[in-house]
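What follows is one structure encoded as structure tokens, with my remarks underneath.
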Amino acid sequence: MNDLNFRAPKGTRDILWPDSERHQRLVDIFSAVVGEAGYTQVITPMFEHIEVFQRLGDATDVVRKEMYDFQDKGGRHLALRPEQTASVVRAFAEHRPNIPWKVWYTGPNFRYERAQKGRFRQFSQVGVEALGTEDPYLDVEVMALAWRFYERLGLSQIKLEVNSLGNKDDRVRFIDTLSQHFEKYLKDLSEESQKTLEANPLRVLDSNREQDRDLIASAPNMIDFLSEDAKKHFLLVQEGLNALDIPFTVNSKLVRGLDYYVRTAFEFVAESFDAAQNAVGGGGRYDGLAEDLGGPPTPGVGFAIGSDRTLLACEAEGVFQTSESVTEVFVVDTTGGLAAVSLTDQLRSAGFKTDRAWDNRSMKAQMKAADKSGALIAVIVGEEELATDTVTLRDLREFTEQMEIKKETIIETLRKRLR
RNA sequence: GUGAUCGUAGCUCAGUUCGGUUAGAGCACCUGGUUGUGGUCCAGGAUGUCGGGGGUUCAAAUCCCCUCGGUCACCCCA
């Protein structure tokens with residue numbers, strides 16, 4: 001086994017082909033889906049002044065205990081981003097682009113946590129943020145984008161849950177009543193939830209513990225605390241989803257881990273995926289955040305989708321698994337290798353995915369390498385071909401006869417065979 | 001941060017209960033099966049500080065302690 005210091009750090013991993021290709025294609029598909037809706041890409045730094053993330057809320061574990069923070073040589077207190085919404089909204093506040101500002105992003109985020117299935121210390125997300133309007137149909141657009149994205153990957157066992165957390169005032173009133181409810185039965189609550197209650201009562205609703213189940217079921221319902229305004233917003237969101245035939249369930253217990261959400265909150269759960277971490281995406285509205293980050297009061301809505309988890313869900317459903325061969329043509333050269341040098345270059349320039357064997361190995365070894373490469377056709381150059389200015393083509397996938405052709409006709413011939 | 005479980009060749013694993021000859025298998029890899037031809041078959045070959053450190057013992061992959069890492073769950077979240 002390798003020396004400890006030469007292993008990927010705890011909670012991180014190397015992603016090799018073909019997984020690396022799936023990650024890349026996932027981003028390609030995402031960018032296509034959101035591009036069709038007018039979202040442009042924004043690339044923000046992977047680290048920020050720590051204050052940017054602290055605006056996400058002191059009660060959230062993500063900033064309280066999971067952040068990778070450090071001092072740089074200039075004495076600045078920085079942190080690797082644990083998510084990208086804060087960075088994107090910071091960028092909005094800094095540059096004041098025209099609204100509505102509709103953007104998408106991708107890239108790694110960092111959280112200091114214990115790894116488990118679908119959870120890593122460095123994990124990758126794709127997401128969108130749309131700032132500048134309160135229109136409930138924008139909430140619908142955002143949710144629909146995520147939905148269509150899952151569809152395009154081939155996923156069918158994704159469940160959308162939505163809730164409204166109300167306006168800020170509604171939230172305060174609800175949290176008040178909720179706290180009273182739990183405090184009344186404090187001794188029945190699990191020890192962990194008692195602690196959560198102190199820090200952030202809303203989150204008690206998120207507890208998975210058996211012991212808390214009954215108390216959570218009998219807890220007051222957020223829906224009953226919505227102001228007229230928030231109620232109307234929520235209804236229009238649901239109408240919009242219905243109009244698009246996107247199935248969803250209202251889950252009044254759905255609370256998001258990040259404190260900035262108001263009104264719409266939603267989560268995508270992969271039902272195919274038997275792990276505790278089965279939320280593959282989530283988001284909501286964050287109308288106060290731009291102001292908190294030094295911008296003008298601007299409403300916003302967005303989501304983040306976990307790439308790693310989404311790919312795990314794909315695996316569980318058996319979709320999005322294809323990984324095409326990276327080679328079409330394989331050059332075998334038994335004359336020393338120089339012929340292969342120019343031939344591969346020529347074929348690559350003509351647009352064929354071309355590879356070759358190295359180290360001047362035996363014909364047999366080179367043919368084995370050609371087969372393993374997944375190539376469809378081997379182009380063979382031996383002493384004979386070299387002398388007559390020809391090459392031999394051999395089909396590696398069908399048992400057809402091989403043929404010897406003039407070297408200058410090779411591109412034309414390969415086009416006919418492969419295109 | 002808490003708990004459970006695991007760590008032997010590149011990969012999947014056997015061997016660990018009751019310590020004892022040069023630590024094994026399959027896959028993958030390399031060479032060959034006559035002098036230029038892959039995918040099947042056959043023959044041969046290379047490969048391990050048995051995660052790391054310490055201890056017990058005549059003797060440790062095997063027992064004990066510490067540590068690092070993986071996996072899963074709690075927590076939290078994507």
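Lettering follows sequence order; numbering is per chain, from 1. Quick caveat, the model's predicted, so the values are computed rather than measured.
- On the P atoms, B:C65 is 36 Å away from B:G26, given to the nearest whole Å.
- For A:Q366 and B:U37, a side-chain-to-base donor-acceptor distance below 3.5 Å is absent, hydrogens and geometry of angles not being considered.
- Proximity of a side-chain donor or acceptor of A:D308 to a complementary backbone N or O of A:S124 within less than 3.5 Å is detected.
- B:U37 atom C1' lies 11 Å from atom CG of A:D371, rounded to whole Å.
- In this structure, A:R203 reaches the B:C77 phosphate: one of its side-chain N or O atoms is under 4.0 Å from OP1 or OP2.
- Inspection of the A:N221 and A:S252 side chains reveals an N or O donor paired with an N or O acceptor under 3.5 Å.
- Which of B:C75, B:U31, B:G38 sits closest to the side chain of A:R361 comes down to B:U31.
- Among the candidates A:V204, A:L202, A:L178, the single residue satisfying the side chain to side chain contact (heavy atoms under 4.5 Å, CB included) test with A:L197 is A:V204.
- Between the P atom of B:G10 and the CZ atom of A:R7 lies a distance of 13 Å, rounded to the nearest Å.
- Between the OG1 atom of A:T12 and the CZ atom of A:R7 there is a distance of 11.0 Å, given to the nearest 0.5 Å.
- Nucleotide B:C30 forms a Watson-Crick or G-U wobble pair with B:G44, both donor-acceptor distances falling under 3.5 Å.
- Between B:A9 and B:U49, the two C1' atoms lie 13 Å apart (nearest whole Å).
- As the counterpart of B:C72, B:G3 is assigned, both hydrogen-bonding distances of the Watson-Crick or G-U wobble pattern falling under 3.5 Å.
- Across the protein-nucleic acid pair, A:D206 atom CG and B:C75 atom C1' stand 11 Å apart, rounded to whole Å.
- Distances shorter than 4.0 Å separate some side-chain N or O of A:K10 from OP1 or OP2 on B:G70.
- Listed pair A:Q277 / B:A78 fails the phosphate criterion, with no side-chain N or O lying under 4.0 Å from OP1 or OP2.
- Rounded to an integer number of Å, the gap from A:D395 CG to B:G38 C1' is 12 Å.
- Between the C1' atoms of B:C66 and B:C18, the separation comes to 26 Å (whole Å).
- Counting to the nearest Å, the P atom of B:C74 and the CD atom of A:E66 are 14 Å from each other.
- With the nearest nucleotide of RNA chain B identified for both A:S362 and A:G306, A:S362 has the one nearer the 5' end.
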